[in-house]
Amino acid sequence: MKNSSNKIDVRLESIRILRKVDEKDVLAQELVEERCQQTNVSRRDKHLLLELVNGITRHRLSLDTILSFFSKIPPQKIEPWLLYALRLGIYQMIFLDKIPHSAAVNIVKSIYFYKNLFFSCI
């Protein structure tokens, strides 16, 4: 969550970075390093940010296959903001055992609820 100390929400930041990687064809590692230097990011948060960005990038096809199984809408037809959020939630639930499933679901719900505000700021 964001607060006055310029601390970032790692999950939301991972979506911002993934979107920039897709749109601008830049390296995710560079964006992560740049963002971590700009903000007050703990070592733990930086590692989580790297894990989310690299993991979602690495497992994108698997995540989209899982999503296709449960959705009537193919991934390429899902709005980008929702697709990023769903990939994030699925990745956390399947590949990260230390993150509670409730946290993975809550971030997807939050992004859905605040989508207009969130994506107008990216």
Side-chain angles (χ1 to χ4, degrees):
M1 294 183 197
K2 291 187 178 186
N3 61 27
S4 59
S5 68
N6 202 25
K7 184 175 166 95
I8 64 169
D9 183 311
V10 174
R11 290 167 183 88
L12 294 178
E13 195 60 40
S14 69
I15 291 176
R16 285 188 181 105
I17 290 170
L18 289 166
R19 183 174 177 190
K20 286 180 184 177
V21 167
D22 286 347
E23 290 178 351
K24 298 180 181 179
D25 197 30
V26 294
L27 295 175
Q29 184 72 27
E30 291 174 4
L31 293 174
V32 169
E33 291 297 329
E34 178 183 308
R35 188 64 178 139
C36 289
Q37 289 176 358
Q38 293 173 353
T39 57
N40 180 20
V41 179
S42 69
R43 184 173 172 207
R44 183 176 176 188
D45 284 348
K46 180 179 179 181
H47 286 287
L48 178 57
L49 182 58
L50 282 167
E51 175 63 35
L52 292 174
V53 170
N54 292 333
I56 292 168
T57 302
R58 183 174 48 250
H59 294 288
R60 175 179 268 191
L61 290 176
S62 299
L63 298 170
D64 287 353
T65 301
I66 293 165
L67 185 58
S68 295
F69 182 78
F70 291 102
S71 174
K72 293 179 183 178
I73 303 169
Q76 57 272 28
K77 293 194 176 196
I78 297 174
E79 291 184 57
W81 63 268
L82 182 56
L83 184 58
Y84 291 116
L86 290 170
R87 285 176 181 151
L88 174 69
I90 294 168
Y91 180 76
Q92 290 179 103
M93 291 189 333
I94 293 177
F95 294 101
L96 301 181
D97 58 353
K98 293 185 179 180
I99 294 181
H101 290 179
S102 59
V105 171
N106 282 338
I107 191 61
V108 174
K109 287 182 354 186
S110 297
I111 291 169
Y112 180 77
F113 186 73
Y114 293 108
K115 73 173 182 142
N116 292 331
L117 175 65
F118 175 67
F119 277 95
S120 66
C121 298
I122 294 181

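Count residues from 1 along the sequence. All values derive from a computational prediction rather than experimental measurement. All heavy atoms count here, side chains included; hydrogens, waters and symmetry mates do not.
- Separating the CZ atom in Arg35 from the NZ atom in Lys20 is a distance of 7.5 Å, to the nearest 0.5 Å.
- The shortest non-hydrogen separation linking Leu49 to Cys36 is CD2-SG, 4.0 Å.
- Phe69 and Phe95 fall within a single hydrophobic cluster, where Ile, Leu, Val, Met, Phe, Trp and Tyr are joined by side-chain heavy atoms under 4.5 Å apart, directly or via other members.
- Side-chain atoms of Leu31 and Val26, non-hydrogen and from C-beta on, do get closer than 4.5 Å to each other.
- With contacts defined as side-chain heavy-atom distances shorter than 4.5 Å, the pair Leu86/Tyr91 does not qualify.
- Pairing each heavy atom of Arg87 with each of Leu63, the nearest pair is O-CD1, 3.9 Å.
- Here Arg60 pairs with Asp22 in a salt bridge; the nearest charged N to carboxylate O distance falls below 4.0 Å.
- Smallest separation of non-hydrogen atoms from Lys77 and Ile73: CB-CG2, 3.8 Å.
- Between Ile56 atom CD1 and Ile90 atom CD1 the span is 10.0 Å, to the nearest 0.5 Å.
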Apply side-chain contact (heavy atoms from CB on, under 4.5 Å) to Val10 and His47, showing your working. CA-CA 10 Å; Val10 174; His47 286 287; over 6 Å; no

Begin with the C-alpha distance, continue with both residues' side-chain angles, and end with the deciding distance and a verdict on side-chain hydrogen bond (donor to acceptor under 3.5 Å, both in side chains) for Gln29 and Glu33. CA-CA 6 Å; Gln29 184 72 27; Glu33 291 297 329; 3.2 Å; yes

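- Looking at Ser68, its side chain does come within 3.5 Å of a backbone N or O of Asp64 through a donor-acceptor pair.
- The closest side-chain heavy-atom distance from Leu88 to Leu18 is not below 4.5 Å.
- At least one side-chain heavy atom of Ile17 sits under 4.5 Å from a side-chain heavy atom of Glu13.
- Note that CD of Glu34 and CD of Gln37 are 8.0 Å apart. Values are rounded to the nearest 0.5 Å.
- Note on Leu96: it clusters hydrophobically with Tyr84, by side-chain heavy-atom contacts below 4.5 Å among ILVMFWY residues.
- Side-chain atoms of Asp45 never come within 3.5 Å of backbone atoms of Val41 as a donor-acceptor pair (strictly under, hydrogens ignored).
- Heavy-atom minimum distance, Ala85 versus Ile15: CA-CD1, 3.9 Å.
- Residue Phe70 is not grouped with residue Leu61 when hydrophobic side chains (ILVMFWY) are merged at heavy-atom distances under 4.5 angstrom, including chains of intermediate members.
- Side-chain contact between His101 and Gln92 is absent, with no heavy-atom pair separated by less than 4.5 Å.
- Rounded to the nearest 0.5 Å, atoms OG (Ser14) and CG (Leu48) are 7.5 Å apart.
- Transitive grouping of hydrophobic side chains (ILVMFWY, heavy atoms separated by less than 4.5 Å) keeps Met93 and Ile99 in distinct clusters.
- With a 4.5 Å cut-off on side-chain heavy atoms, Asn54 and His59 do not count as touching.
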Would you please test Val21 and Val53 for side-chain contact (heavy atoms from CB on, under 4.5 Å) and show each step? CA-CA 10 Å; Val21 167; Val53 170; 5.5 Å; no

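- Residues Leu67 and Leu83 have side chains in contact (heavy-atom distance under 4.5 Å, counting atoms from C-beta outward).
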